[in-house]
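In what follows, a single structure is set out as structure tokens and then discussed.
All chains are named by letter (A, B, ...) in the order of the sequence lines, taking the proteins before the strands, and each is independently numbered beginning at 1.
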Amino acid sequence: MRLSLNPLKPTRSAATAAASLCHVSADPKPPSLPPTSPSPSPSPEHSSSSISETLSLLQATDPSSWPTNSKLQTLLSSLSPSSVLKITRQLPNYRNALQFFNHLKTTSQSDSLSLAFQAVLEFAMRESPDSPGKLYELFVQEKEQGTPLSVNAGTLLIKCLSQAKMLDEMIMVFDAIDEEKLNTDVSNLVVAGLLKWGRVNDALKLVNEMLEPDSDYPPNSKTISILFSNILKRNWSDRGVTDEEIYNLVSRFGECGVYLDELWSTQIIKRFCRNGNSDKAWNFLHKAMNSGSVASCNAMLTGLEQDRDFTRMNFLVKEMKEKGIQPNVVTYGILIKHLCKFRRMDEALELLEKMKDGKLGVEPDVVIYNTLIDGLCKVGRQEEGLKLMERMRLESKCNPTTITYNCLIDGFCKAGELEKGHELFEEMSKEGVDVSVVTLNTMLDGMCRHGRVSSAMEFFSCMRQKGLKGNAVTYTILITAFCSANNIDKAMRLFDEMSENGCSPDAFVYYSLISGLTQAGRMDDASVIVSKLKEAGFGLDIVSCNILIGGFCRKNKLDKVSELLKDMEKAGLKPDRVTYNTLLSFFCANGDFTHAQKVMKKMTDDGLKPNVVTYGALIQAYCSNGKLDEAMKIFRDMGTSSKVPPNTVIYNMLIDSLCKNDDVEVALSLMDDMKEKGVRANTTTYNALFKGLQQRNWFEKALEFMDQMTEQACNPDYITMEILTEWLSAVGEIEKLRKFVQGYQVSASTA
DNA sequence: GCAAACTACA
């Protein structure tokens, strides 16, 4: 270990030595010298000659004769403290330096002593770098004898002790430095040392001292980056540094004119958003930061998007424009992703065109294209996605990547076009695009969803022969598929197999198996897997408990449910939103409003906000009890005051009830609403609607929706076919049905 | 700081 803090080289002149002494610590304090500080020698020539004279005298005589050597005494008394420092440094070794230092103790003033001691420490570190303990002993000894500690000596010791994790000793040294001489750099070192070893509270205490208004060692940019790189890099949220504290700290630094750099500011915004404190992130961006950067604005936009705070998103984009913060490709990526998420594909594509026209000053990159292709596929416009892949090649010289192909394969497979998915898969190898495990999983999932579980197994083993191994997701897909095909044994076998193949199951693999077993009503087997999950070190976790509770509810075994809830309480496992939603759904489905209300109350008492599933359970309850008005009231409330936008399932329940109630007009208006809000209708939606239309015999309307289904790549299932076959053959329009079917094959799993 | 597969409850 060689300490780098040694800017003073023995060969430099006294004047520069003294000057650099002040600069050793780039102190924000002006380098004015307090009365006790060494002052530079007035005449360098004179001093350097007396330095060399003293040095030769010291080396020519025996240390025991020094006290009686009058020439030496005269020389020493004429020397400035910085000259003493130079002399000590130029002695041959630690032993000599220590001897000289001990001699000085009998004659010299404290400033010289302090600097000589610094040189002794420098020697000690060079010669026996592994014994910080010894150095500390030396320090204690000198402290007892009243030798003042120079800032530089203290700095050396602090560095050394910090490395050796001798933190209490480090603090002792820090405290021993004269308050007036303390500077920001020394304090920073101590803060860094404390943080390095996890003494967050002590570090924060010191930082708070630094932040005091009249502090002699105010924080600088180094302080803030040391502090935040440690707080943010490691996960210390559970060690007492809360978002609140972080926010207050940054504000106080800001009051001192010290700001975080872009990188850490962005990290803080991300952290606040991740912890659900986007308000704090917003305030931070607008108050505590010197100026927003593109990166921090992008992080904020991501957070707002996840929070569905679109008002602020728009506001921020506007603000960026006003402040002259140029959006970059990532900004547009976030905005396009947002539009895709809400199925506003045409607006998203418009943005792409603007980028390509050069109107925005940013060219689309491969991520932008992939986002759009994925978006198109997710709304069933996979053919357009395919065309966009061609365009990215030709018009933007962007080569499709594994992700591009994965998105397209997923699109075609989910739409039931498994052959096209295969074709694209083959094309990847031809184009030299790597196949990844995600590609494999996407293919497998597509096949499984369409009832081709055995083809999926074949494909999997074929890929394995080619050296592509599956991961936990692969097994989750297959196990889920076998469970829903009621082949629990095969699912169990796969579960055992995966460990044999060197793939350790993650929690989700367990969940899919536990879920499959509960769906099959095999609650005892499910409990066995839960204990296996615990053995595997995942602990009794809330997800498996929720799955089991759901299973017991389905079997109407409320005693088992309350038993499980008691176990959870004993284990300190708190029910979460899913737990409450499961219970709520159970009571609602049984028309037990008294208990449902109790669950709702307990949920809000626990500080859990209702989500779309919660509202769904309530709406379902009202619908099945013929209280459609109440259901609609909740529905409207969701969109406005509660910021929980209804999803497809919610619309389906309402449309189904409305149609059954012969309120087809309102059901149709909900269909428009869905389109407007970007909620995609699925097969269940259309089935409910077709039933309603059939009652009214609104044939033309039905044809319209059949076309819409085709357009949106929404597969009819056997229920659709039953309704339409009966209706259309009755009105002699079987030809229309044939055309409709040609657009889509009824998926193998449901047919 | 933006993109892909799986993920319990209505």
Side-chain angles (χ1 to χ4, degrees), chain A residues 262-263 265-267 269-270 273 293-303 305 327-338 340 364-375 377-378 401-411 413-414 436-446 448 470-481 506-512 514-516 518-519 541-551 553-554 576-586 588-589 611-621 623 647-650 652-653:
Chain A
E262 239 181 65
L263 196 83
S265 302
T266 307
Q267 294 289 316
I269 291 177
K270 269 171 73 183
C273 290
S293 62
V294 201
S296 50
C297 288
N298 287 345
M300 190 70 237
L301 283 172
T302 307
E305 212 277 332
N328 61 13
V329 69
V330 176
T331 319
Y332 290 114
I334 296 166
L335 297 177
I336 288 178
K337 171 75 191 165
H338 167 70
C340 289
D365 66 359
V366 65
V367 176
I368 299 281
Y369 276 105
N370 287 349
T371 310
L372 284 163
I373 290 172
D374 186 49
C377 287
K378 292 238 152 79
T401 61
T402 306
I403 293 181
T404 321
Y405 275 99
N406 289 350
C407 296
L408 285 166
I409 291 174
D410 191 49
C413 285
K414 286 232 166 77
S436 73
V437 67
V438 177
T439 321
L440 166 70
N441 293 344
T442 307
M443 293 285 293
L444 292 179
D445 185 58
C448 288
N471 61 11
V473 176
T474 320
Y475 285 95
T476 307
I477 294 167
L478 294 171
I479 288 173
T480 310
D506 65 1
F508 283 113
V509 179
Y510 284 97
Y511 299 153
S512 58
I514 297 165
S515 171
T518 54
Q519 298 278 1
D541 71 314
I542 189 71
V543 181
S544 358
C545 287
N546 288 342
I547 300 173
L548 289 178
I549 290 173
C553 281
R554 264 195 299 275
D576 68 359
R577 202 153 61 176
V578 177
T579 322
Y580 285 118
N581 282 342
T582 309
L583 294 170
L584 186 68
S585 306
F586 172 74
C588 283
N611 67 359
V612 68
V613 180
T614 321
Y615 289 114
L618 295 175
I619 288 176
Q620 179 66 285
C623 283
N647 62 11
T648 308
V649 183
I650 303 280
N652 287 353
M653 291 187 292

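For Tyr511(A), the ring-ring contact (aromatic ring centres under 6.0 Å, His included) test picks out Phe508(A), with sequence neighbours left out. In this view, Thr331(A) and Val294(A), Asn298(A), Leu301(A), Met320(A), Pro327(A), Asn328(A) satisfy the side-chain contact (heavy atoms from CB on, under 4.5 Å) rule, not counting sequence neighbours. Under the side-chain hydrogen bond (donor to acceptor under 3.5 Å, both in side chains) criterion, Thr439(A) pairs with Asn406(A), Ser436(A), sequence neighbours left out. Scored by the ring-ring contact (aromatic ring centres under 6.0 Å, His included) test, Tyr510(A) finds Phe495(A), Phe538(A) as partners (sequence neighbours excluded). Residues forming a side-chain hydrogen bond (donor to acceptor under 3.5 Å, both in side chains) with Asp365(A) (at least two apart in sequence, or on another chain): none.
Within the nucleic acid shown, Val437(A) has no heavy atom closer than 4.0 Å to any nucleic acid atom. No engagement by Asp541(A) is indicated, since no non-hydrogen atom pair under 4.0 Å with the nucleic acid exists. Glu305(A) comes within 4.0 angstrom of no nucleic acid atom, judged by non-hydrogen atoms across all strands. Across all strands, Val509(A) comes closer than 4.0 Å to no nucleic acid atom at all (heavy-atom distances). The residue Ala295(A) sits close to a base: some heavy atom pair falls under 4.0 Å.
Side-chain contact, Asn441(A) with Asn471(A): a donor N or O sits under 3.5 Å from an acceptor N or O.
A straight line from CG of Asn328(A) to P of dA3(B) spans 14 Å, rounded to a whole angstrom. Atom-to-atom, CG of Asn298(A) to P of dA3(B) comes out at 12 Å; the value is rounded to the nearest Å. Atom CG of Asp365(A) and atom C1' of dA4(B) are 15 Å apart (whole Å). Residue His338(A) contributes atom NE2, which lies 14 Å from atom P of dA3(B) at whole-angstrom precision. The CD1-P distance, from Ile619(A) to dA10(B), rounds to 15 Å in whole Å. Rounding to whole angstrom units, NZ of residue Lys337(A) and C1' of dG1(B) are separated by 15 Å. To the nearest angstrom, C1' of dC2(B) lies 10 Å from CG of Leu335(A). Regarding Lys378(A), its NZ atom lies at a distance of 12 Å from the C1' atom of dC6(B), rounded to whole Å.
Only one option out of Ile479(A), Thr480(A), Thr474(A), Val473(A) pairs with Ile477(A) in a side chain to side chain contact (heavy atoms under 4.5 Å, CB included); it is Val473(A).
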Write down the protein N/O and nucleotide N/O pairs, taken from nucleotides 7-9 of chain B, whose separation is under 3.5 Å; answer none if there are no such pairs.
unit_1 : atom_1 : unit_2    : atom_2 : d
dC9(B) : OP1    : Gln519(A) : NE2    : 3.3

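Closest to the side chain of Ile650(A), out of dG1(B), dA10(B), dA5(B), is dA10(B).
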